[in-house]
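See below for the structure under consideration.
The figures that follow rest on heavy atoms only: side chains count, while hydrogens, waters and symmetry mates do not. Note on naming: letters A, B, ... go to the chains in the order of the sequence lines (proteins, then strands), and numbering restarts at 1 for each one.
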Amino acid sequence: MSVNEGKELRIIGFLCNWCSYAGADTAGVGRFAQPTDLRIVRLPCTGRINPLFIVRAFMNGADGVLVSGCHPRDCHYSEGNFYARRRLEVLKALLPVIGVDPGRFEYTWVSASEGQRWRSVVTSFTEQVHALGPMPGFKSGTSLDMCLCHMDQTQAL
Amino acid sequence: MASSIDDLKTEIKKALPGLDMVIAWAAGPDPLSHTPLFITEEADVERIEWDPRCSQNLAGYLPGLRGKKVGIVVKGCDARSLVELLQEKLIDREDVTIFGLHCTGAVDARAARKALGSLRGGLESVSVNGGTASFSMSGEPRTLPLAEVLQKKCFTCTGADAEVCDHFIGEHGEPPRVTETPATTLEELEAMSMEERLHFWEDQMSRCIRCYACRSACPLCVCQDHCAAQSREPHWVDQTDHPREKLMFQAIHALHTAGRCTECGECERACPMGLPIMTLKQALNRSIQDLFDYRAGTDPDQAPPLFEFREEEKNIKEREW
Ligand code: SF4
Ligand code: SF4
Ligand code: SF4
């Protein structure tokens, strides 16, 4: 049930098991219409998130990355999201320097009961990424492209 | 300068009997950069050199020498690396004897070689006075503007005196005054679109030979054989020669030194390809200063900002959507 018309983009969501993943589930159980571009990776806690997960996702061709966890002071492990908040803010400074538009990455807090809020977060973030379009690639393509090209050449021989 | 080098030698001779070694600089095979000197006997003290060719930050040797009593000679920026190592408890204050100096600026060997042309006939001395650098080549003086021959980090030096030290040698002074500095890579990037920035790094990284000298030279890269760049589980970086993987490695280095990097410039100085990799760290440092009002390497009693948190962050706005 795509809210955004046209081609889907690749958006990766890193969701904390205790709040946001459950919140997304609540939205599903409530049958709220949502865009379907987001691929969810479930994590025990936002404190588990290494900012490099996000850089790697972009390097591997993601068009957007969304991180969502428990509201501050609601962390299942007390302080995971507090550490995450600092790390993710610092990451925000790196992305635009390497050429990733800051609008392609957001982090937010959604609790297990906030199904409606989850829907609005996913919808606005997906719209934001669609407004930016697909993530520009490297001129030299990906190494997978190079492999495939090499395979084509070998087969042609 | 002559007097401070003599005072330095005298102080080191006095301290040497109580130490396992003292790390300083000596003339190296390259006329434009001095090389580290590990002093264990008094006779070695005479080999010490101290002038703008003493570029290398020697603080990077300290974590590996932990447990020994080590003396070390430092410039202002080197002292900040040392403070950072103390903050992170990677070295013990009571085991380190610090000989601090006032620095007039460090020569960028690559830029100076280009500016000077042939060095045949030798290079006897290098000094910085006011806004210029003087090179004495076979008795002939050559004078060049600082902006042409100093390391880029010296353009924005935040303190040329070693602030944390046991023995301060010579006179205190100001950082070099460099005028008409070219735009930094960070400023150049700011003028580009996001896509241009990505392609800028793609071009730069296509020249990277993945030697990891930038990592090895960094005084804060202490993981040694456990570097994320070489781990197979998880496999952060693949083995292909693609610019993307090299940029990924630079992201690892920048994020692993976030809030810790003192902009000592060793990563860039060590890079054989002359890649502007300190830019990524500078960008993070600017943001860390704004977010946490923090500058690495200034206070031994502080903790780096990513080692801790506040429940209410003064400068982080909660997302409203
Ligand atoms: S940054 Fe400052 S202390 Fe360091 S080498 Fe340059 S002038 Fe000297
Ligand atoms: S990242 Fe570069 S500038 Fe920063 S501490 Fe390491 S070597 Fe020095
Ligand atoms: S030192 Fe330079 S060439 Fe070597 S890995 Fe680092 S960036 Fe690449």
Is a side-chain donor or acceptor of [X] paired with a backbone partner of [Y] at a separation under 3.5 angstrom?
X: A/R87; Y: A/G47; result: yes
X: B/R197; Y: B/L189; result: yes
X: B/N315; Y: B/L291; result: yes
X: B/E180; Y: B/A147; result: no

Identify which part of [X] has an atom lying under 4.5 Å from any heavy atom of chain A, answering side chain, backbone, both or neither.
X: B/E196; answer: neither
X: B/A283; answer: both
X: B/F307; answer: backbone
X: B/A254; answer: side chain
X: B/P234; answer: neither
X: B/R286; answer: neither

Exercise. If contact means a heavy atom pair closer than 4.5 Å, which residues of residues 152-160 of chain B contact chain A?
Worked result: none
Exercise. Chain B: which of A/N60, A/V55, A/L52 shares the most heavy-atom pairs with it under 4.5 Å?
Worked result: A/L52
Exercise. Which one, A/P102, A/P96, A/A93, leads in non-hydrogen pairs under 4.5 Å with chain B?
Worked result: A/P96
For this session: Report yes or no: is the cationic atom of B/R244 (NZ for Lys, CZ for Arg) closer than 6.0 Å to the six-membered ring centre of A/F138, at no more than 45° off its axis?
Result: no
Pairs of heavy atoms under 4.5 Å with chain A: top-ranked of [options]:
options: B/I252, B/I288, B/D203; result: B/I252
options: B/W201, B/F292, B/F200; result: B/F292
options: B/P305, B/A258, B/P243; result: B/P305
options: B/V237, B/T279, B/L280; result: B/L280

Exercise. Atom CD in A/Q116, atom OG1 in A/T26: separation rounded to 0.5 Å?
Worked result: 11.0 Å
Exercise. Rounded to the nearest 0.5 Å, how far apart are SG of B/C214 and NZ of B/K246?
Worked result: 12.0 Å
For this session: Walk me through it: do A/D37 and A/H130 pass the test side chain to side chain donor-acceptor pair (under 3.5 Å)?
Result: CA-CA 10 Å; A/D37 306 42; A/H130 273 263; 2.6 Å; yes
Just say parallel, tilted or perpendicular for the rings of [X] and [Y], cut-offs at 30° and 60°.
X: A/Y83; Y: B/F309; result: perpendicular
X: B/W236; Y: A/F53; result: parallel
X: B/F249; Y: B/H253; result: parallel

Exercise. In terms of heavy-atom proximity below 4.5 Å to chain B, should A/N81 be classed as side chain, backbone, both, or neither?
Worked result: neither
For this session: Specify the closest pair of heavy atoms between B/E84 and B/P304, including all atoms of both residues, with the distance to one decimal.
Result: OE2-CG, 3.4 Å
